[in-house]
Amino acid sequence: MNLSILIPLLNEEESLKELYTWIIKVMQSNNYSYEIIFVDDGSTDNSWQIIEGFSNENPNVKGIRFMKNFGKSQALHAGFAKAKGDVIITMDADLQDSPDEIPELYEMITAQKFDLVSGWKKKRYDSVVAKNLPSKLFNWAARKTSGVELNDFNCGLKAYKNVVVKNIEVSGEMHRYIPVLAKNAGFGKIGEKVVIHQARKYGETKFGMERFINGFLDLITIWFLSRFGKRPMHLFGAMGSLMFIIGFLAAGYIGISKLYHMYTGMKYSLVTNNPWFYIALTTMILGTQLFLAGFLGEIILRTKNNEARYKVAREVNF
């Protein structure tokens, strides 16, 4: 199978018919073998009924319906697990991503041998203050932190080799950082393509300003996980040991200093009257706690249970 088109969605009943017709036109004009996977992330409108209608008339249309809204990352994770195409294309259901971009994205993966190609909405039709400026700041921080030179991490239109999506773990709200996850998994040939961004035709965006705050927090998380996710003891254990040693040496110095003053008959005071004693004691306690955090992290890492992060209510055509 050439292509899997993966579309996560939430309450997009108005745009689904137009999007479906557009994708089918592109698939037929290029003679692709394909599947379209709609992942309904807990819609409360008629989105699922529309998807079922598509699946009844076209066996290449498949659907996954969540029991409630679990988030875009979970929707992508569920779709990636089911996708069978040599190339997987992800796109949003709001018609802001153009299916006409699919052939070029497909060629970049198959002919130019990219592992992943990310869309870049160079010209945007969103609010400058509410979306464009925060997005530019967010993308700049993501580039500097991750080392992945992309201009638009947030673009939902992306293309992947099948092997890429089968070897990355998308959780939480990490869908923004799939290129970083792919790089950390060993897929280094990551490209970018300028794509058409269309103004939203129906409804309202499902994401507010909080997505940028969450995005920065997720960026810190993924930075930490990429460096210490498999070895938390290397960070917490090293920091804890260093702090404990510093505190222990400081407490030792205070104690030896008092003994020296006692031996030489010099004036001295109680150790507990010295504020540096409490600083040293606090440093040792914090060092011990950090060491234990690293130790517990190692235990959790080795015994964790990969519990499903979402619940599927229904599937069609799988």
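Counting begins at 1 with the first residue of the sequence.
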[X] atom [atom1], over 12 foreign heavy atoms within 6.0 Å:
| X | atom1 | answer |
| --- | --- | --- |
| F318 | CZ | yes |
| F248 | CZ | no |
| K166 | NZ | yes |
| K189 | NZ | yes |
| M67 | CE | no |

#### Entry: Distance, nearest 0.5 Å, that separates CD1 of I23 from CD1 of I102
5.5 Å
### Inter-residue atom distance Y32.OH - I24.CD1, 0.5 Å rounding
13.5 Å
### Task
Taking the six-membered ring for Trp and the single ring otherwise, decide whether the centroids of F187 and Y160 are under 6.0 Å apart.
no
Under 3.5 Å donor-acceptor, [X] side chain and [Y] backbone:
| X | Y | answer |
| --- | --- | --- |
| S33 | N2 | yes |
| K161 | L116 | no |
| N162 | V87 | no |
| K158 | I88 | no |
| N139 | N151 | yes |
| S43 | N11 | yes |
| D41 | F66 | no |
| S29 | V26 | yes |
| T283 | G247 | no |
| Q74 | F70 | yes |

### Query
Does one side chain, of E52 or W48, offer a donor that lies under 3.5 Å from an acceptor on the other?
yes
Do [Y] and [X] meet the salt-bridge criterion of a basic N to acidic O distance under 4.0 Å?
| X | Y | result |
| --- | --- | --- |
| K82 | E315 | yes |
| K193 | E104 | yes |
| D97 | K121 | yes |

### Query
Of K122, E101, Q96, which is the lone residue that meets side-chain contact (heavy atoms from CB on, under 4.5 Å) with V195?
E101
### Query
Can you name the one residue among V39, I36, V165, I89 that meets side-chain contact (heavy atoms from CB on, under 4.5 Å) with L6?
V39
### Task
Apply side chain to side chain donor-acceptor pair (under 3.5 Å) to E13 and list each qualifying residue two or more places apart in sequence or on a separate chain.
N46
Under a 4.5 Å side-chain heavy-atom rule over Ile, Leu, Val, Met, Phe, Trp and Tyr, are [X] and [Y] clustered together?
| X | Y | answer |
| --- | --- | --- |
| V312 | L76 | yes |
| I285 | F244 | yes |
| Y20 | W22 | yes |
| I190 | V163 | yes |
| W276 | Y278 | yes |

Does the side chain of [Y] come within less than 4.5 Å of [X]'s, by heavy atoms?
| X | Y | result |
| --- | --- | --- |
| H77 | E169 | yes |
| M243 | L290 | yes |
| W120 | L150 | no |
| F38 | L16 | yes |
| Y177 | V170 | no |
| M239 | L242 | no |
| K68 | Y310 | no |

### Query
ring pair (Phe, Tyr, Trp, His ring centres under 6.0 Å) with Y34: which residues, sequence neighbours excluded?
none
### Message
If you apply the rule salt bridge (Lys or Arg N to Asp or Glu O under 4.0 Å), what do you find for D92 with K72, and how did you get there?
### Response
CA-CA 10 Å; D92 294 333; K72 187 174 182 179; 2.9 Å; yes
### Task
Verify side-chain contact (heavy atoms from CB on, under 4.5 Å) between F54 and K17, making sure each step is shown before the conclusion.
CA-CA 9 Å; F54 297 156; K17 179 63 177 177; 4.0 Å; yes
Quiz: residues 254-266 side-chain donor-acceptor pairs under 3.5 angstrom, not counting sequence neighbours:
from, atom 1, to, atom 2, distance (Å)
H261, ND1, S257, O, 2.7
T264, OG1, Y260, O, 2.9
T264, OG1, H261, O, 3.4

### Task
Return the minimal non-hydrogen interatomic distance between G119 and C155, and the atom names on each side.
O-CB, 3.2 Å
### Worked check of side-chain contact (heavy atoms from CB on, under 4.5 Å) between T110 and Y106
CA-CA 6 Å; T110 56; Y106 178 77; 3.6 Å; yes
### Query
Can you check side-chain contact (heavy atoms from CB on, under 4.5 Å) on V316 and V61, steps first, answer last?
CA-CA 8 Å; V316 292; V61 176; over 6 Å; no
### Task
Under the side-chain contact (heavy atoms from CB on, under 4.5 Å) rule, what do F80 and T90 come out as? Steps first, then yes or no, please.
CA-CA 10 Å; F80 286 158; T90 60; 3.8 Å; yes
### Message
The test is side-chain hydrogen bond (donor to acceptor under 3.5 Å, both in side chains); show your working for S118 and E192 and say whether it passes.
### Response
CA-CA 5 Å; S118 180; E192 189 169 48; 5.2 Å; no
